[in-house]
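Step one of this worksheet: look at the structure below.
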Amino acid sequence: MAKELLKGNVAIAEASVRAGCRAYFGYPITPQTELLEYLSSRMIALGRVFLQAESEVAAINMVYGAACTGARVMTSSSSPGFSLMQEGLSYIAASDLPCVVVDVMRGGPGLGNILPSQGDYFQVTRSAGHGDYHPIVLAPATVQEAIDMTVLAFDLADHYRHLVILALDGLIGQMMEPAELPEWQADLPTPDWAVTGAANRAPNRITSMHLRADESEAYNQHIQRRLERIRAAEQRSIEMYTDDAELLVIGFGSAGRIAASAVEMAREDGLNVGLFRPQTLYPFPSERLAELAEQVGACLVVEMNAGQMLDDVRLAVNGRAPVEFFGRMGGAIPLPEEILDTIEMLCWSLHVVE
Amino acid sequence: MAKELLKGNVAIAEASVRAGCRAYFGYPITPQTELLEYLSSRMIALGRVFLQAESEVAAINMVYGAACTGARVMTSSSSPGFSLMQEGLSYIAASDLPCVVVDVMRGGPGLGNILPSQGDYFQVTRSAGHGDYHPIVLAPATVQEAIDMTVLAFDLADHYRHLVILALDGLIGQMMEPAELPEWQADLPTPDWAVTGAANRAPNRITSMHLRADESEAYNQHIQRRLERIRAAEQRSIEMYTDDAELLVIGFGSAGRIAASAVEMAREDGLNVGLFRPQTLYPFPSERLAELAEQVGACLVVEMNAGQMLDDVRLAVNGRAPVEFFGRMGGAIPLPEEILDTIEMLCWSLHVVE
Amino acid sequence: MNNHNGNDRTEFVFSGFGGQGVMFVGQLLAYAAMDAGFNVTWIPSYGPEMRGGTAHCTTIVSRKPIGSPMSPRPHVAVVLNLPSFTRYEPLVREEGLLVVNSALVSLTSHRQDIQTLDIPATTIAENLGSVRAANMVLLGAALTAKPALPLAAAHSALEAHLPPQHRSLLALNHAALDAGAAVVLERL
Amino acid sequence: MNNHNGNDRTEFVFSGFGGQGVMFVGQLLAYAAMDAGFNVTWIPSYGPEMRGGTAHCTTIVSRKPIGSPMSPRPHVAVVLNLPSFTRYEPLVREEGLLVVNSALVSLTSHRQDIQTLDIPATTIAENLGSVRAANMVLLGAALTAKPALPLAAAHSALEAHLPPQHRSLLALNHAALDAGAAVVLERL
Amino acid sequence: MALKGTVVIDQERCKGCQLCALACPQNVLILDPDLLNAKGYHPARLEESHNFCTGCAVCAVICPDACITVYRQPSPRRIERTEAIYG
Amino acid sequence: MALKGTVVIDQERCKGCQLCALACPQNVLILDPDLLNAKGYHPARLEESHNFCTGCAVCAVICPDACITVYRQPSPRRIERTEAIYG
Amino acid sequence: MIPAAELERVYERPESLTALHTNYCPGCTHGVAHRLLAEALDELDLREQTILVAPVGCAVFAYEYFNLDGCEAAHGRAPAMATGIKRLLPDRTVLTYQGDGDLASIGIAEIIHAAARGEAITTIFVNNAIYGMTGGQMAPTSLPNQRTTSSPSGRDVALTGQPLRVSEMLATLPGAAYVVRRSLHDPANIRKAKKAILTAIQVQQRGLGFSMVELLSTCPTNWGMTPADALTWVKDHMLSIYPLGDYKVSDAARELSA
Amino acid sequence: MIPAAELERVYERPESLTALHTNYCPGCTHGVAHRLLAEALDELDLREQTILVAPVGCAVFAYEYFNLDGCEAAHGRAPAMATGIKRLLPDRTVLTYQGDGDLASIGIAEIIHAAARGEAITTIFVNNAIYGMTGGQMAPTSLPNQRTTSSPSGRDVALTGQPLRVSEMLATLPGAAYVVRRSLHDPANIRKAKKAILTAIQVQQRGLGFSMVELLSTCPTNWGMTPADALTWVKDHMLSIYPLGDYKVSDAARELSA
Ligand SMILES: Cc1ncc(C[n+]2csc(CCOP(=O)(O)OP(=O)(O)O)c2C)c(N)n1
Ligand SMILES: Cc1ncc(C[n+]2csc(CCOP(=O)(O)OP(=O)(O)O)c2C)c(N)n1
Ligand code: SF4
Ligand code: SF4
Ligand code: SF4
Ligand code: SF4
């Protein structure tokens, strides 16, 4: 397919359609609303399901029901709405249901504003509700990646029977960039666990309840084993100039692409700086980062929040190198120039780069 | 006051009354319901406010409103209900409102069960909704501590104008132990920021909205500075046999007290094992733990979850010592004997204890 | 490895149908222990039972601070009905004590490594005035066979902690405690 | 330190009232750049304005991959009304270009370090048939003064990307682009 | 003249709630005082000492645990099974 | 005979929605074509060329931005201020 | 006693129930509601076409008790979950089974919007005026002065309002095709309840809109009564607050129920 | 022109509004609703006794526009927040101001339960049949076939149901003392709306229960109309779907409004 000029939110919507998403349930909230609006006509035109729910609570529970039928389903929201989905997300995860949730993060906490932010990192990677599990979390930095990761999200969700979150910010959601849409994916057969009416088979039952401690623990171990497989197979990241980097700049999504500009500038200035951009936030690409940590003199984490992925970086680096942080919060967007300043300062103070 | 035999949930309820809690809004959910039930008669008898809300979403937003009047207010719930409060919690935090929320954690994810668990660690310490902030989180391990921490929670909430969460599990909530109730606290004056009607002063306005990036970032920096003060002043923990410990067992709440039994047994067996029990989960007592990490040969984290505080321990230890984990999940409760087994195994395999 | 639970700590489990007063008898023991200066914990059952099932609780009496309040292998199990017998008979710790309400439980334990007391508590209590005092009969028996506390402590706890609405049953409960003790002493 | 933005990358900002077509003109430039093989990003305004305020967007045209899509100091600012002038005039990068719709903006820039083009775009467009083509007049002027792309690329983008419901305005828009270019060429 | 019928009660399933016994127009159901099922309840049983079961199925209609199967002498007008009892 | 009145319009606050002008029974309000306020709107103003303002306050009742202050010749029967206009 | 062989079996446990023993307390009419629903599905031959959404509440295990495909919703969200299912499987019968805490308190938004959309699902609404599962707290449906564990001196209507009459409220919504209230307190009423359930499901089958049968039900355990007294309490105290009747029967639905 | 000195000031901007210019679009009747509420508070001399709860929606800044103590609720939760405030400050006047997305969609549970409890708060419910702030998506109140950005070919009632009539629904609740619908589309109706707001607040002052005034309002921007056409659209299209009237006036409230 040829490249088109596509807005992130719309690109995700169309990519989901082509990936075979059969149903979308959502509730308007800036800056994700174009996604919902696009699907409101697109899905109905295709004879698929679009329904504006009465709330995010209802939306995630409609997704929960729809996912029980074995169909590919999706919802999207932004930070406050995503908070309202926490209970439902935990239920979905605890029912081994594949589904895709898009969080176009905005400035918080509270009502905050509609500016781009990465303040939901903890909320998407750590808990997404109560109990022990992690969703798979994909973080695109370009419109093209948003498209590719949408398709990947559905595939991973089905493959692992797991919840997948596409976490981006309003910048990528509302930006237009040239990108190529994916091929149409063929229809998948209905999985054998789906509830569709117990004709010619024993009833299928989907539940997240495990009243007895032994059963509940066994189920939790099952989730943990799945997460282990996911951690082993799905860590993804992008690197730039890491071969000889002495200072490693680490950022995801928008912050990652802005940091890339700063790294380019630093290279032009002759500094041996590299970039590490996690594409999966869960599983966090700890293995590769741990390797790189052996080689570099220091790490600089850049985020559009107060330092959340910072924890994952420090856990991966585990004391092998100092880890510094530069962040903008509450909807403020870092400039390459200010990241560059920090890089230069670090290069001097840490003497990591000659 | 003399010691009484008190159930954790009831003890928290009565302690909140004596600490001057003026209003309670909540929704029934096992295993926290006794707290609500106790207050349903107690508060009304005292002419204070008790209201069973239509849902946890409503409960937290009633608390939000009540906190705006400057009164001491509280709600309580358990994991799924706590998930439903996430949006409201983020709004409350972003409005600089003091209030106290009790989470009596149960087995998850999803509907799970009503057994004791610590599976909300991430949810309470990391995000509690969207955006950049952390509530103060207190984790009692005994009924007496539950009482003392309830009083402390209200005091810290007022002192910092910050959200405080009391995080315990059903074991402590439903256990009876001898404990002493606190003195009645004197009534506090209405704070000058409260909304009470703009008589003889300019209107007070409470909002979590900051539409402009610069304002929003400034507000976020204000929260971060407050969190820094909290981290500097409020780290709390309990230690046992840390003087000469070569293996440090770390656990909070129920897991911490059960680990204490195991440490006692290990000492009887002549092993140089110590216990570190965080009483504040946020701020995590990293400073003291980092010190101890210099001295011990290894750490063993014990939790009633898949390893969540584990992250905070590893962040504090930062590679200074190996950190191992023993956990039970989904409502299963560890036995001192199995912790002891792990201690012994570690002592051999890590050669940390002679 | 030591026996980590020496004589410092005694773990009691009480189990029966809802309505047989197992929660209360466990709490009474806890009060008695508290008033006598022991450390003590009481926890209700945690189990998958929903409605109308078996209720049980654990009371731990200890000279040292109590870490784990759980008792997977109690020193003393007091079982008031058949499902409770089936569940706890195998769990009683070696050298421990199993007290069985033989009026409602037709089985007997064949374990050699524990002491078993079959006491027709419901019948005894009925004769004293009400089947509802069966729990006290069994507690009297248990504390006599395994004197973690003096029986007198249970008597004073009754005096001090029987809820106001049940004070009319005070005499009955005292008598039941003693009757349970008497059965054990007779058999010595 | 280098000038990190050499000639590889040109950042345009378009700003005016809602309804003046600033979003579309920014997108048109993006289409033109894409079709001409450049990297390009377009982002709408992020600002506290709610209803009825000023709209603006940023289009970045670059030979290298685009990291940050933001432009706090644009190379080219096209301002269609007074509030936009006030906001962007001071932000234009040194040696940059400020294109002003002088039909609606009474002020002129006094900056010496940038090039300013005052173009009565609304009047020109009105003469061509509709005030709504003022945006194209200004784009024509901007691309002529700062040829980040050949003007022909904008013409073909119009051809290719004008939404179906607006195709009746195609000729008008072509003419407006040329008229804007002509003004600049005249003044050279 | 009343029809003849009988009931079969799943005594292990029965919870001894007594609703069938109280509802039975013929008064032929009792809670068995001598039997305790595994759940610990005295289950219902048919006791036709004074009166006889007509197969009217009122007991089945009220039984919350669907423990009761009802049989009835075939009547002249044939009617569908469960529909029959709801008239 | 109609009362005499006048209005004072806060032209910086006005958004030129024209609702006052369309509602005015006397047709004495127009959007000023020559004035653009800081918000970029042509604000309303009184234009009593053909007709006169009666102080009826219909314009104030409909103005969404509370831009209009209304004055009226005192009437014989004294009535309360804002209550007056809601009759 | 007549040998069974000569007799015709006129009633047996419906096929749409599994063999599991339920966790309900003795005499709890949740069991009756289950049985009626199962019988209705049997009679309409829908067992293999049906998906049941269980609530959080004492009926949390309903998905195990019915011999159907089923799932377990979050507390109060069964109508949203059912909507998700029904939109994907429009030709299947989708049911929610909900208690009054679940439906009238935490889940009121979801039931109202399902009804407002005219979602073609059927809700069995078991109103026992209390929270059963969590041990007897007040529900929005609790009666004035009713003692519960969260209104120990009786529901104070000045502080907590009058009982919420959900059927009356839902009846105002055009999307609701069939909304009726029945009771399970005696055999005659149980028979009527059964008919209503049959009609409600048929309303769904014909795509006429949202249908709901509210069933007045008992909670002997938390009311602190014998099962028989609990039935009497329904009759003596609940019927006056919750009058039985047809609150909404759309014209199309009327033809069905006639 | 007569010199102003000879004239009496018969109307001026109410004291309960601040001097801030609002962010509302030109001609949006949110502004009218604000003015009426402010006038009512002035007249009842309640400015210093009132706490306003602003919604999420175009009126998100209401707490800045009113010269009152105020706070900003989470989307849809204003009635819960107001409940929290009112319970602590029972002698204050507590108001919520909510749009139809806020109140009828995400917040329907909170408004119903506030009304059901008879919470002594007053709600100004601004129904403009669309989501204004987020750019014109369908609301539960959107009219059949109304084009919105999430129903671009017009609201399909077969898929999304008929418009939700909130006042009619809340009127079924005993706790609701005063629930009326008025419109802001012309001066005569604006006058009636003002009276209703006065009555609603007085109902609260007397502790008679929950009170709400629904106001049919415009959204010229997202309807894609001039302000004047938008008023006409209310008259021509909304009035028939949302009949004006008094849906619930309790006996005690009737005395007040008489
Ligand atoms: C989010 C959430 N809040 C609360 C609970 C606890 N809870 C479980 S069931 C229930 C109420 C059940 O009452 P009802 O719906 O009336 O059903 P019943 O048990 O009476 O049949 C509650 C509050 C929960 N599981 N999840
Ligand atoms: C939890 C949550 N979901 C969604 C939003 C986005 N949002 C803001 S306002 C609004 C709807 C506003 O519509 P309405 O209540 O009708 O008010 P109006 O803007 O029309 O006055 C929505 C969906 C939000 N802020 N929070
Ligand atoms: S007061 Fe009446 S006459 Fe005067 S301008 Fe206003 S509407 Fe017109
Ligand atoms: S109604 Fe008000 S805002 Fe509108 S034009 Fe008139 S004065 Fe201006
Ligand atoms: S608690 Fe009540 S509703 Fe629940 S099963 Fe028992 S009697 Fe029935
Ligand atoms: S968007 Fe609509 S409702 Fe919002 S201010 Fe503008 S016109 Fe009013």
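Note on naming: letters A, B, ... go to the chains in the order of the sequence lines (proteins, then strands), and numbering restarts at 1 for each one.
- For B:V63, no part lies near chain H; criterion is any non-hydrogen pair under 4.5 Å.
- Only the side chain of H:V56 comes within contact range of chain B, judged by heavy atoms closer than 4.5 Å.
- With respect to chain B, the highest number of heavy-atom pairs below 4.5 Å among H:I51, H:V53, H:V94, H:L52 belongs to H:I51.
- Within the 4.5 angstrom heavy-atom criterion, atoms from both the backbone and the side chain of B:T196 approach chain H.
- Checked by atom type, the side-chain pair H:R117/H:H113 shows no donor-acceptor distance below 3.5 Å.
- Aromatic rings from H:F61 and H:H30 are positioned such that their centres are separated by 6.0 Å or more.
- With ring centers used as reference points, H:Y97 lies 6.0 Å or more from H:Y65.
- Look at B:R201 and H:D69 and you find a salt bridge, because one of the NZ, NE, NH1 or NH2 atoms lies within 4.0 Å of a carboxylate O, short of that distance.
- Proximity to chain B (any heavy atom under 4.5 Å) is restricted, for H:T18, to the side chain, taken from C-beta onward.
- Under 4.0 Å is where a charged nitrogen must lie from a carboxylate oxygen, and between B:R72 and B:D155 at least one such pair does.
- Contact annotation for B:A59: neither backbone nor side-chain heavy atoms come within less than 4.5 Å of a heavy atom of chain H.
- Side chains of H:S105 and H:Y131: a donor-acceptor N/O pair is present below 3.5 angstrom, by distance only.
- With a threshold of 4.5 angstrom between heavy atoms, H:L68 approaches chain B through N, CA, C or O but not through any side-chain atom.
- Counting heavy atoms from C-beta on, the side chains of H:T199 and H:V180 never come closer than 4.5 Å.
- Contacts of H:A74 with chain B are made by both backbone and side-chain atoms, with heavy-atom separations under 4.5 Å.
- Of the atoms belonging to B:R48, not a single heavy atom falls under 4.5 Å from chain H.
- Here B:G65 is the residue among B:A67, B:G70, B:G65 with the most heavy-atom pairs under 4.5 Å with chain H.
- Counting heavy-atom pairs closer than 4.5 Å to chain B, the top residue among H:A73, H:G84, H:A82, H:C71 is H:G84.
- Two residues are said to be in side-chain contact when any heavy atoms from C-beta on lie closer than 4.5 Å; H:Q205 and H:L46 meet this criterion.
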Criterion side-chain contact (heavy atoms from CB on, under 4.5 Å) on H:E39 and H:I197, from CA distance to verdict = CA-CA 10 Å; H:E39 289 170 12; H:I197 293 173; over 6 Å; no
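- Using cut-offs of 30° and 60° for the angle between ring planes, the B:H134 and B:Y282 rings count as parallel.
- The parts of H:R87 that come within reach of chain B are both its backbone and its side chain, each placing non-hydrogen atoms under 4.5 angstrom from that chain.
- Chain H forms the most heavy-atom pairs under 4.5 Å with one residue out of B:N204, B:L51, B:V49, and that residue is B:N204.
- Your options are H:N67, H:T93, H:I112, H:T50, and the one with the most heavy-atom pairs under 4.5 Å with chain B is H:N67.
- Here H:E110 is the residue among H:K86, H:R47, H:Q49, H:E110 with the most heavy-atom pairs under 4.5 Å with chain B.
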